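Reviewing the structure listed below.
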Amino acid sequence: MSHAGALRSDVLLGFSRSPRRIPPRWFHDARGSELSERITRLPEYYPAAAEREILRERAAAIASATAARTLVEIGSGSSEKTGLLIDALGSPLTYVPVDISESALTGAAHALLARNPGLTVHAVLADFQNGLVLPAAPGPRLICFLGSTVGNLLPAERAAFLLSVRAALQPGDALLLGTDLVKDEATLMAAYDDGQGVTAAFNKNVLSVINRELGADFDPADFDHVAHWDAGRERIELRLRARRAVTARIPGAGLTVALRSGEEICTEVSAKFRREGLRSELAAAWLDPVLMWTDALDRYAITLAVP
Ligand code: AVI
């Protein structure tokens with residue numbers, strides 16, 4: 001399905017259910033990717049700093065445990081983070097960034113090539129949720145899914161994703177998975193409702209994507225950014241709450257949406273994990289978590305799992 005076709009069907013499906021929902025993959029146009037990069041530098045957004053801390057300390061251990069010759073990165077992250085693994089793995093190394101956003105892909109590839117001229121890069125423009133098809137590349141391969149992006153998948157999507165990773169892994173390959181851990185509500189809420197309003201702009205950007213791609217007439221100023229901690233499901237939910245009754249036309253989806261004042265659109269879930277839950281989700285996909293590291297404050301975990 002084309003990019004616009006996929007957005008159209010997500011909009012049709014997501015706006016006709018209650019509560020209304022838009023899957024978070026539509027955050028990531030060029031502006032969304034830029035805002036998401038800015039989020040990782042916010043003082044309140046501890047997951048990025050915690051993950052960086054673990055990678056800084058454990059990159060050498062990850063390199064010696066995997067001896068990877070190909071580094072596959074799902075959702076190409078900041079080149080700084082990836083650079084730590086690339087440096088530790090040494091050369092020769094093939095780097096395979098997989099991302100839905102062309103600008104994120106080229107940005108990551110160029111920055112890494114500038115620093116590591118010997119690197120072989122095979123960029124893959126794809127939505128990892130449509131199954132993981134990787135180019136032929138030397139093994140062992142290390143598939144990295146960092147940034148706790150796995151937490152943005154719903155439980156069934158997460159299970160399907162882990163199974164697709166398992167199917168792509170050959171003996172000797174490994175998965176490196178970054179996951180944010182359950183913690184006190186105040187820390188979580190601050191991370192998803194920052195003082196500078198960057199997360200709010202990131203959240204509202206999905207409306208601009210729908211406006212541009214499907215000719216819709218949402219006014220982002222009609223919505224408030226809401227971060228909600230669902231203690232039962234142990235996940236943050238990002239929502240857009242209508243400040244007044246809103247009627248928006250979405251011609252590209254043949255739809256007119258009427259929202260009540262106060263009605264919310266769920267735009268993202270961000271699951272937080274416990275060690276045991278993580279182990280059992282991996283086990284359900286026939287993945288064996290052989291090593292798990294956390295940061296000094298125990299906020300975040302990186303797990304190395306093998307088939
Ligand atoms: C990309 N992902 C792991 C982020 C998260 O924390 O769930 C996305 C994000 N949404 C708001 N802030 C960051």
Side-chain angles (χ1 to χ4, degrees), residues 21-52 54-55 73-78 80-82 97-101 103-105 107-108 127-129 144-155 157-158 161-162 176-183 185 187-209 220 223-230 233-241 264-273 278 281 295 299-303:
R21 189 175 99 80
I22 291 294
R25 59 171 162 269
W26 301 110
F27 280 134
H28 295 281
D29 65 343
R31 177 162 162 73
S33 296
E34 181 203 317
L35 288 166
S36 138
E37 184 69 29
R38 276 179 65 194
I39 287 174
T40 64
R41 284 184 261 117
L42 291 170
E44 298 96 328
Y45 193 74
Y46 65 85
E51 185 175 73
R52 225 177 286 124
I54 302 170
L55 286 175
E73 187 174 27
I74 302 175
S76 41
S78 82
E80 183 210 340
K81 207 165 56 182
T82 316
V98 181
D99 206 292
I100 191 180
S101 151
S103 59
L105 269 182
D127 182 350
F128 65 82
Q129 281 191 260
C144 295
F145 195 34
L146 296 171
S148 202
T149 305
V150 73
N152 298 134
L153 303 179
L154 296 169
E157 295 171 334
R158 220 151 62 213
F161 167 74
L162 290 174
L176 192 69
L177 187 67
T179 47
D180 195 13
L181 299 176
V182 174
K183 60 186 59 63
E185 185 171 343
T187 304
L188 287 166
M189 289 297 283
Y192 290 88
D193 196 4
D194 64 277
Q196 295 173 47
V198 183
T199 311
F202 173 73
N203 193 6
K204 289 184 185 189
N205 184 56
V206 73
L207 297 175
S208 309
V209 171
F223 293 85
D224 283 325
H225 162 70
V226 176
H228 169 79
W229 170 238
D230 183 333
R233 292 169 161 147
E234 298 192 320
R235 69 189 198 190
I236 287 280
E237 287 181 14
L238 290 196
R239 299 171 180 174
L240 290 168
R241 182 183 294 150
E264 295 179 334
I265 306 167
C266 178
T267 50
E268 185 180 62
V269 303
S270 187
K272 306 302 163 191
F273 297 84
L278 200 50
E281 286 194 36
D295 63 307
R299 296 168 296 181
Y300 194 93
I302 290 185
T303 306

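Basis for what follows: all heavy atoms, side chains included, without hydrogens, waters or symmetry-related copies. Nothing here was measured: the structure is a model prediction, and the numbers come from that model. Just so you know, ligand 1 is whichever comes first in the structure, and atom 1 is the first atom listed for that ligand.
Ion pairing between a basic and an acidic side chain is recognised when a charged N comes within 4.0 Å of a carboxylate O; Arg25 and Asp127 show such pairing.
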With the criterion set at N/O pairs under 3.5 Å, what does the list of contacts between the protein and ligand 1 look like, atom names and distances included?
{"unit_1": "ligand 1", "atom_1": "2 (N)", "unit_2": "Asn152", "atom_2": "OD1", "d": "2.8"}
{"unit_1": "ligand 1", "atom_1": "6 (O)", "unit_2": "Tyr45", "atom_2": "OH", "d": "2.4"}
{"unit_1": "ligand 1", "atom_1": "6 (O)", "unit_2": "Tyr192", "atom_2": "OH", "d": "2.5"}
{"unit_1": "ligand 1", "atom_1": "7 (O)", "unit_2": "Asn152", "atom_2": "ND2", "d": "2.8"}
{"unit_1": "ligand 1", "atom_1": "7 (O)", "unit_2": "Ser270", "atom_2": "OG", "d": "2.6"}
{"unit_1": "ligand 1", "atom_1": "10 (N)", "unit_2": "Glu268", "atom_2": "OE1", "d": "2.6"}

- Query: Going through the checks in order, is the side chain to side chain contact (heavy atoms under 4.5 Å, CB included) test met by Glu268 and Phe27?
  - Reply: CA-CA 9 Å; Glu268 185 180 62; Phe27 280 134; 3.7 Å; yes

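Taking the six-membered ring wherever Trp is involved, the centroid distance between the rings of Phe128 and Phe145 falls below 6.0 Å.
With sequence neighbours excluded, the residues that form a side chain to side chain donor-acceptor pair (under 3.5 Å) with Tyr192 are Ser270, Lys272.
Counted by atom type alone, Tyr46 and Asp295 present zero donor-acceptor pairs between their side chains at under 3.5 Å.
The CD1 atom of Ile265 sits 6.0 Å away from atom CG of Leu207, with the distance rounded to the nearest 0.5 Å.
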